[in-house]
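For reference, the structure discussed in these notes is given below.
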Amino acid sequence: MAKQEDLFKNVVSHAKEYGFIFPSSEIYDGLSAVYDYAQNGVELKKNIREYWWKAMVQMHDNIVGLDAAILMHPTTWKASGHVDAFNDPLIDNKDSKKRYRADVLIEDYAEKLQQKAQKEIDKARERFGDSFDEQQFITTNQRVVEYLAKKKIILERMAKSLDSGDLDDVKALIEELEIACPESGSRNWTDVKQFNLMFGTKLGASAENAMDLYLRPETAQGIFVNFLNVQKSGRMKIPFGIAQTGKAFRNEIVARQFIFRMREFEQMEMQFFVRPGEEMKWYEFWKDTRLKWHLSLGLGDKNYRFHDHEKLAHYANAAADIEFNFPFGFKELEGIHSRTDFDLKAHEQYSGKKLQYFDPETNSNYVPYVVETSVGLDRMFLAVFSNSLTEETLEDGSSRTVLRLPSVLAPTKATVLPLVKKDGLPELSQQIMDELKWDFKVSYDEKDAVGRRYRRQDALGTPFCITVDHQSLEDQTVTIRHRDTMKQDRVKISELRSIIDQEVSMRTWLLKTV
Ligand code: GAP
């Protein structure tokens, strides 16, 4: 655990030192769970967004984009259920005065049982080698069976209590499991209370006439209220999707773990409108499609798992998370929900406007069902960044820090390094940059010895270093060094563009998603 904590601390400090993420308004000591993306972070974030957008919108001819406003008519949130039901159960520890989400305390306890079971499974796999039958072991090993059964009972009871609003039982469960405050170790808990997560604000200049608004807690509702506008103006035929990326705001009770749980964050969501009765087929399709998108980035297949929800949100008839193995364990990265016709029906009811589709194939009008995919852009950033940050010991015993980002997402694709700061090498380097910058984000560095410059680019995740030396002046060749293998090749300057393109182009990477 200590190792994991160290790794995570390292992620946070590396993000700051190398210009990826800063605490918001740091000169005023920061703002809890709000962060700013710095010069390299903003590029990485933009590239993740673009990789998602291309996969969802450009690669599907039945999905279109939208950019709805953050501020929406307040009735939107009444209709969506957020005013009444967008709550988290909170609990305070009386000794440490720390506030927690009661469900997260219980889920963390359940996750520890899962980890204990996994440890037994890993040990057995090592002992039995190729002959190991994992499925059989999980169903017959007494300890594993007990751990997993206990986990299931706990999560089912929590889901039932939360569903029925029995907060006393949620507290009773915390007490029965003897869950202690991670800060003080004390079990002196308050009662569990519900807390609405929406941020309120006002629209209008004078206090009397001001209208109470909310900052949107999800981007999805901007899609629902525009469903018919897009369908009609785009002459869309069901099934079709509307995709959107943008900011969302939640007054999270516990906002720890860096950019994992923020109060201001960005979502990448897609609502897929389908014929009623066909939603489960599309739900499975999107689970599969989204997992493939994640796997295409090469962060390790074992770092992903599905978690099917026991407790369904107020709008869903099926839901699963794609969980990622973050430095603090497996946690939700993306949610896939079958949202039924809940949202469109509710907006029909509250607005008095019909939100129906005439299906020429069935010759009938209906309110479509919706399958949603929703991934946090900041969480994607954390997954990619933390997984890529590696400390390596080299053959000569020295070590290097390398950010092995998927090259399609790297903030800078190549950096040009003149071997020395004279003899026309900076000028030739500049010419190379001027040529490459039409296609790629490139940088230039002439400070320090070339070895140190390589290390700096490794730590920034730059896939290629291009070194310009005296031979370059004579034969128009340069050395290109590959970040991950540190292999160096002598190549013609005229070949650089296609070498880099082959490695970093969206096309190369998107081909892995299908
Ligand atoms: N429209 C559905 C929806 O908003 P959600 O599970 O509440 O569902 C979807 O959120 C995704 O948004 C999550 O899987 C997560 O990646 C991201 N997310 C949610 N709350 C977040 C927060 N406070 N900070 C960062 N990302 C968050």
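We count ligands from 1, going down the list as the structure has it; atoms in each ligand are counted the same way.
Atom 18 (N) of ligand 1 has Phe265 CE1, 3.5 Å as its closest protein atom, hydrogens excluded (heavy atom only).
Considering both main-chain and side-chain atoms, His337 never comes within under 3.5 Å of ligand 1 through any nitrogen or oxygen pair.
Classified by interplanar angle (parallel below 30°, tilted 30° to 60°, perpendicular above 60°), the ring pair Phe258/Phe8 is perpendicular. Between Phe324 and Phe326, the ring-plane angle classifies as perpendicular under the 30° and 60° cut-offs.
Contacts between Leu333 and ligand 1 below 4.0 angstrom, taking non-hydrogen atoms only, involve the backbone exclusively. With a heavy-atom cut-off of 4.0 Å, Glu334 touches ligand 1 through its backbone alone. Within the 4.0 Å heavy-atom criterion, the part of Arg339 lying near ligand 1 is the side chain and not the backbone.
Here the options are Trp53, Phe240, Trp286, the test is ring-ring contact (aromatic ring centres under 6.0 Å, His included), and the partner is His60; only Trp286 passes.
The main-chain N or O of Glu43 is found under 3.5 Å from a side-chain atom of Asn47 such that the two form a donor-acceptor pair.
Residues Ala68 and Asn226 share a closest heavy-atom pair of CB-ND2, 4.2 Å.
Between atom 5 (P) of ligand 1 and the options Glu269, His309, Arg250, the minimum heavy-atom separation is to Arg250.
For ligand 1 and Phe260, the ligand atoms under 4.0 Å from any heavy atom of the residue are 24 (N), 25 (C), 26 (N). Close contacts of ligand 1 with Glu218, meaning ligand atoms under 4.0 Å from a residue heavy atom, involve 1 (N), 2 (C), 3 (C), 4 (O). Ligand 1 places these atoms under 4.0 Å from at least one heavy atom of Met262: 22 (C), 23 (N), 24 (N), 25 (C). Listed by number with element, the atoms of ligand 1 under 4.0 Å from a non-hydrogen atom of Arg261 are 22 (C), 23 (N), 24 (N).
Under 4.0 Å is where a charged nitrogen must lie from a carboxylate oxygen, and between Arg157 and Asp169 at least one such pair does.
The side-chain heavy atoms of Val384 and Lys45, taken from C-beta on, include no pair separated by under 4.5 Å.
Not a single heavy atom of Arg216 lies less than 4.0 angstrom from ligand 1.
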